[in-house]
**Q** 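Structure in structure tokens, see below.
Sequence lines set the chain letters: A, B, ... in the order given, protein chains first and strands last, and positions in each chain run from 1.
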Protein chains: 2
Amino acid sequence: MLTVNGLSKAARITPDAVRHYVRIGLLVPSRDPKNGYRLFDDEALKRARFIRRAKGLGFTLQDIQTIFSYADNGRSPCPEVRAIIQQRIAENRAGVMEQGELLERMEDALERWKSMPDGEPDGDEICHLIESVPLAR
Amino acid sequence: MLTVNGLSKAARITPDAVRHYVRIGLLVPSRDPKNGYRLFDDEALKRARFIRRAKGLGFTLQDIQTIFSYADNGRSPCPEVRAIIQQRIAENRAGVMEQGELLERMEDALERWKSMPDGEPDGDEICHLIESVPLAR
DNA sequence: TCCTTGCCTGTGTGCGGCACCCAGGTTCTA
DNA sequence: TAGAACCTGGGTGCCGCACACAGGCAAGGA
């Protein structure tokens, strides 16, 4: 049986993360009757490692909850897992696109600003560099 | 003088965002003594539009606070603005890289899973699809 | 035996940038 | 004069933790 620290080392996650997972119900420890410490069995270790893996694949903690509840009810989570990851891939692609466009705008701005002087405050504009940038959308 | 809704339309941001900016001190309204309504002058409108622009360039609200405080003290924010955007560009590049790597892992996993059957719960593994993925790092 | 060190506990707050909801007061429109 | 549409403050929720506080408990050395 492992304590929070023990589990955190065995599963290579922080102790704070372990406590967080317990709080939201992802991990369910037993308690040491002597002192109230959280105690984790092998099943919990397996779960903690699973969480690490799944997070590394872009699953949210909510997704992982869902997966666990399938497994707990004796049903295969695999079809859900396939569906979820397709969803997350789509979101991630959209996110990367968006960030990429932002990055481009930032780089364009910085480039354009190279040939512009710093402005002095004149009560009319706040920062002419930023105000020189065309509005997105 | 504009109310929350008026300002939100003139600056093309949501009323909730306007209230949020007031709460964190980015916009400072006067008050209608009759009813306590927030009232925004032209200066506030200019600021609200500036916020929209700056956010579109990747500046955080904190960054914008900083920029305003320069302007309010009669100093040019431009050097800071150049420094901040370089910082944000670096962060964004790192973020895009990270997300890109995640996306790749997700796509690889989905691809690999195409030739794998759904598992049935056996009390030993939670989801063999996820557990078949090598641990990142 | 006492002291230190290093675990552990619960609870609460903070991060970013809002979105949404509630209950109630006010103002505009038909 | 009624109802719609606005306004107010205050609170909560999102995501995934990180950090802090105050205190309890365990194991070691001097």
**Q** Take the protein atom CD of A:Gln62 and the nucleotide atom P of D:dC14, then report the distance between them rounded to whole Å.
**A** 8 Å
**Q** If you find the nucleotide of DNA chain C closest to B:Ala17 and the one closest to A:Thr3, which residue's nucleotide is nearer the 5' end?
**A** A:Thr3
**Q** Is A:Asn5 near enough to C:dC8 that one of its side-chain N or O atoms lies under 4.0 angstrom from OP1 or OP2?
**A** yes
**Q** Among C:dC18, D:dG16, D:dT8, find the nucleotide with the atom closest to the side chain of B:Tyr21.
**A** C:dC18
**Q** Can a cation-pi geometry be assigned to B:Arg31 and B:Tyr37, taking NZ or CZ under 6.0 Å from the six-membered ring centre and within 45° of the ring axis?
**A** no
**Q** In whole angstroms, how far is the P atom of D:dG16 from the CG atom of A:Leu26?
**A** 10 Å
**Q** Starting from C1' on C:dC18, measure out to CZ on B:Arg19 and report it in whole angstrom.
**A** 12 Å
**Q** Are any protein N/O atoms closer than 3.5 Å to N/O atoms in nucleotides 20-26 of chain C? If there are, list each pair with its distance.
**A**
residue : atom : partner : partner atom : Å
C:dG25  : N2   : B:Tyr37 : OH           : 3.4

**Q** Any non-hydrogen side-chain atom of B:Glu125 less than 4.5 Å from a side-chain atom of A:Lys46?
**A** no
**Q** Grab the CZ-C1' distance between A:Phe59 and D:dC15 for me, whole Å please.
**A** 17 Å
**Q** May I ask you to verify if any side-chain N or O of A:Arg31 is less than 4.0 angstrom from the OP1 or OP2 atom of C:dG10?
**A** yes
**Q** If you check every side-chain atom of B:His20, which of C:dC8, D:dC6, C:dC18 has the closest atom?
**A** C:dC18
**Q** Give a yes or no on this: more than 12 heavy atoms of other residues, nucleotides or ligands lie within 6.0 Å of atom CD of A:Glu107.
**A** yes
**Q** Using whole Å, what does the distance between atom C1' of nucleotide C:dG16 and atom CG of B:Asp63 come to?
**A** 12 Å
**Q** Whole angstroms only, please: what is the CD1-P distance between B:Ile24 and C:dG14?
**A** 15 Å
**Q** Can you establish whether the number of heavy atoms outside B:Asp42 located under 6.0 Å from its atom CG is more than 12?
**A** no
**Q** A:Arg38 near the nucleic acid: base, sugar-phosphate alone, or nothing, with a heavy-atom cut-off under 4.0 Å?
**A** sugar-phosphate
**Q** OP1, OP2 of D:dA18 versus side-chain N and O of A:Thr14: anything below 4.0 Å?
**A** yes
**Q** Which one, D:dC6, C:dC18, C:dG10, comes nearest to the side chain of B:Lys9?
**A** D:dC6
**Q** Flag this pair as yes if the NZ/CZ of A:Arg88 is under 6.0 angstrom from the six-membered ring centre of A:Phe59 and inside a 45 degree cone about the axis; otherwise no.
**A** no
**Q** Taking all atoms of both residues into account, what is the closest heavy-atom pair of B:Cys78 and A:Cys127, and its distance?
**A** SG-SG, 3.7 Å
